[in-house]
Protein chains: 2
Amino acid sequence: MSSARFGSIPEDRQKTRDRQLSRPPTIVDVAERAGVSKSLVSRVMRGERAVSASSREAVIAAAESLGYRPNAVARSLVQRRTFNVGVIISDLHNIFFAEVLDGLGVAAAAGGYRILITTGNRDPDAEAQALEQLLQLRADGIVLAGARLQPEVVAAAARSVPVAVVGSNFPLAEVDVVVNDDVRGGELAVEHLAGLGHVCIAMIDGGEGAGASDRRAGYESAMRRLGLGRQARVEPGDFTEAGGREGIRRLLEARPRPTAVFASNDLAAVGALNAIEEAGYQVPRDMSLVGYDNTALAALRHISLTTVNQPRRQIGELAMASLLRRIEHPTARARRQVLPPELVVRATTAPPRASSSPSP
Amino acid sequence: MSSARFGSIPEDRQKTRDRQLSRPPTIVDVAERAGVSKSLVSRVMRGERAVSASSREAVIAAAESLGYRPNAVARSLVQRRTFNVGVIISDLHNIFFAEVLDGLGVAAAAGGYRILITTGNRDPDAEAQALEQLLQLRADGIVLAGARLQPEVVAAAARSVPVAVVGSNFPLAEVDVVVNDDVRGGELAVEHLAGLGHVCIAMIDGGEGAGASDRRAGYESAMRRLGLGRQARVEPGDFTEAGGREGIRRLLEARPRPTAVFASNDLAAVGALNAIEEAGYQVPRDMSLVGYDNTALAALRHISLTTVNQPRRQIGELAMASLLRRIEHPTARARRQVLPPELVVRATTAPPRASSSPSP
DNA sequence: ATGAAAGCGCTAACAT
DNA sequence: ATGTTAGCGCTTTCAT
């Protein structure tokens, strides 16, 4: 870890490089041009009240004519805070986080902060580096979205700056955590399917994916509670399209063959959908299908997947609110918020066919 | 614009807030603990060679025991450069940019820089603010991905820091531009369809979307060149699923009815695909379909869309390379790079049916 | 209402 | 090989 922190600057960076010919104007340039002290310029820039109208105008005019732009680096150094919150997204390819980011951004702006996004591209090492970068940049707080970081690494970071985690139920009391109730989501899927009359309801698991184990727990407990425990069957999967396809292939050969499947995320569900149709069956006539996450994919008319929705935007908003609270009140304790998911019924679920054994 | 720049700090920020009880350790703390001067610590931190092994060890030990982490803010202030490049993504919901970001990140890292991502959420004002933030943060360079900013705003920024634009053919000589050749892409789609034997080839336009007008130009020129100019027909659209659906509805009623359609992006193509099937026709039997962008959507087995691929990752890499070049050599001139797209044939295109008029 | 001065944490000459 | 010194551009007392 220390190696990531120290001595990591490329050598050539130490040699002098071509320099900008003219430096950008500073507060001193503005002060001179306006014929005032630099403190006065600083006051005007920060919108302090106690400044006469005449000097305010003079300063603004000078600043504008010079094209002056406050240097946030210098400001942050003296204020010892940057007013920006770093956000580490494990995987920007996962559209799930885009909406969480909307929530984060809105809440940050409301508090006078801005977010700076970095990504680790699913690589824990790169993520750790991104974290270190944000820490060195002295971000006032850090949000981890779908982080694949080791808890110890996160705990260490949480000791120097407030940290919030979204999208995964991170096992750490020192960080704010905002998640959707994946257990409840799994139950919701089963209850919907059982309510339609399905008995033989299988699941395609999400493996190591965030929330996967909770979703499976919800599936299993609901099956048991509804007296369907003996019909429960979980196929391995991994949150991918291919995983969904393979899971379905095995399920289609099972006896009794399930009449409904709960896939642990939308992508796997789409893979399942495709494999079912390729095998000559129809959805939902021959088999019902429920996904998870309510991504844009599920909403496509061409797919119209029944799925479980996570309040993504709200997750982002709450996480940022908790984080800002701790930034401004360092003694406040971190909290864990679990939000209820909600079923979105579309076109891939229907009652099972009368005949118990569907055929092509 | 000046209003975005000055006096925008919320008033409460000026009051004192709860402070961290213990400040993070500085280079001076490390120096004291190690019994050396702070310059020596600085040297060790930056990995300079001319340091004796013994003092290096002492410094590292001291730094580690204190949990010291270099302050990039202070470092940037004195070096007058931050070694980070700001990236403004117009819309993080658009997965197209995720891969461009990969390329940007890789090339930045190779040059010893890091990227900081911000977003304007499709709102030009928010984008302008993000730009201002990055400028105040003194990013060494800025990349605009799918920017909706006014050319004057961009030109102004380009005067104080190198700027690169990706994904849209920005009309500005002062910025590096890296784009896919949308005209050629449009031609590719038509050539493929015509090669299969289609004559009546329609297009669903992309409206104001980035690259849309070039794609249409390519479509039109290829149709003319192939002697199909009279069969050309362009329906309005807007890069959305709904736009694709509506475009197809009108096309299905046209006489003669086209046997192939080129949609200006994948999302519109998926909308078209859905509407075609809903109307009782089959793809590609009754109608062939080509999209644009080769997004993850197109690659889904359930969709398997023939489409035009943009070298997204390469676009990112080249843009960053050009930008870094100008950062390190301020006198270098900005350049414009146009990359060739490439057709990806999947399952939505086939020769037209023998009967000239397909029926349900 | 305004200015002078100190200092944020660090790097970069310039000594030695 | 190491230390001393002078800033980087800004905010913030403290005077006036």
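Sequence lines set the chain letters: A, B, ... in the order given, protein chains first and strands last, and positions in each chain run from 1. All of these numbers come straight from a predicted model, not from anything done at the bench.
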Under the side chain to side chain donor-acceptor pair (under 3.5 Å) test, which residues partner A:D102, sequence neighbours left out?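 Partners of A:D102 by the side chain to side chain donor-acceptor pair (under 3.5 Å) criterion, ordered by chain and then number, come out as B:H93.
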
How long is the span from the CG atom in A:N84 to the CD1 atom in A:I117, to the nearest 0.5 Å?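 If I round to the nearest 0.5 Å, the distance is 12.0 Å.
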
[X] [atom1] to [N] [atom2]: how many Å, rounded?
X	N	atom1	atom2	answer
A:E32	D:dG9	CD	P	13 Å
A:M45	D:dG9	CE	P	15 Å
B:L40	C:dT11	CG	P	13 Å
B:F83	C:dC10	CZ	P	17 Å
B:L137	D:dG9	CG	C1'	14 Å
A:E48	C:dG3	CD	P	13 Å
B:Q79	C:dA13	CD	C1'	14 Å
B:R75	D:dG9	CZ	C1'	18 Å

Can a salt bridge be assigned to the pair B:R159 and B:E174 using a cut-off of 4.0 Å between side-chain N and carboxylate O?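 Salt bridge between B:R159 and B:E174, a charged N being under 4.0 Å from a carboxylate O: no.
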
B:K38 with B:E32: basic N within carboxylate O range, under 4.0 Å: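 No, this pair does not count.
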
Just to be sure I understand the rule, does B:V36 reach a base, reach only the sugar-phosphate, or reach nothing, if contact means heavy atoms closer than 4.0 Å?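 Counting heavy atoms under 4.0 Å across all strands, the contact made by B:V36 is with sugar-phosphate only.
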
Using a 4.0 Å heavy-atom cut-off across all strands, classify B:S76 as base, sugar-phosphate, or nothing.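 The answer is nothing, as B:S76 stays clear of every strand by at least 4.0 Å.
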
State which of [options] makes the closest approach to the side chain of [X].
X	options	result
A:S52	D:dT11, D:dT2, C:dA1	C:dA1
A:T26	D:dT2, D:dC10, C:dC8	D:dC10
A:I27	D:dC10, C:dT2, D:dA1	D:dC10
A:V51	C:dT2, C:dG9, D:dC10	C:dT2

Using modelled atom types only, decide if a donor and an acceptor are shared between the side chain of A:R138 and the backbone of A:L135 within a distance under 3.5 Å.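 The answer is yes, because a donor-acceptor pair under 3.5 Å joins these two groups.
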
So B:D176 and B:R336, salt bridge (Lys or Arg N to Asp or Glu O under 4.0 Å) or not? Walk me through it. CA-CA 6 Å; B:D176 291 297; B:R336 169 170 313 247; over 6 Å; no

Go through the steps to decide whether B:R326 and B:R333 satisfy the test side chain to side chain contact (heavy atoms under 4.5 Å, CB included), and finish with yes or no. CA-CA 7 Å; B:R326 288 206 296 137; B:R333 291 190 46 195; over 6 Å; no

Distance test, side-chain N/O of B:R46 to OP1/OP2 of C:dA12, below 4.0 Å: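 Yes.
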
Between the protein and nucleotides 4-7 of chain C, list every N/O to N/O distance that falls short of 3.5 Å.
residue: C:dA4; atom: N7; partner: A:S39; partner atom: OG; Å: 3.4
residue: C:dA4; atom: N6; partner: A:S39; partner atom: OG; Å: 2.9

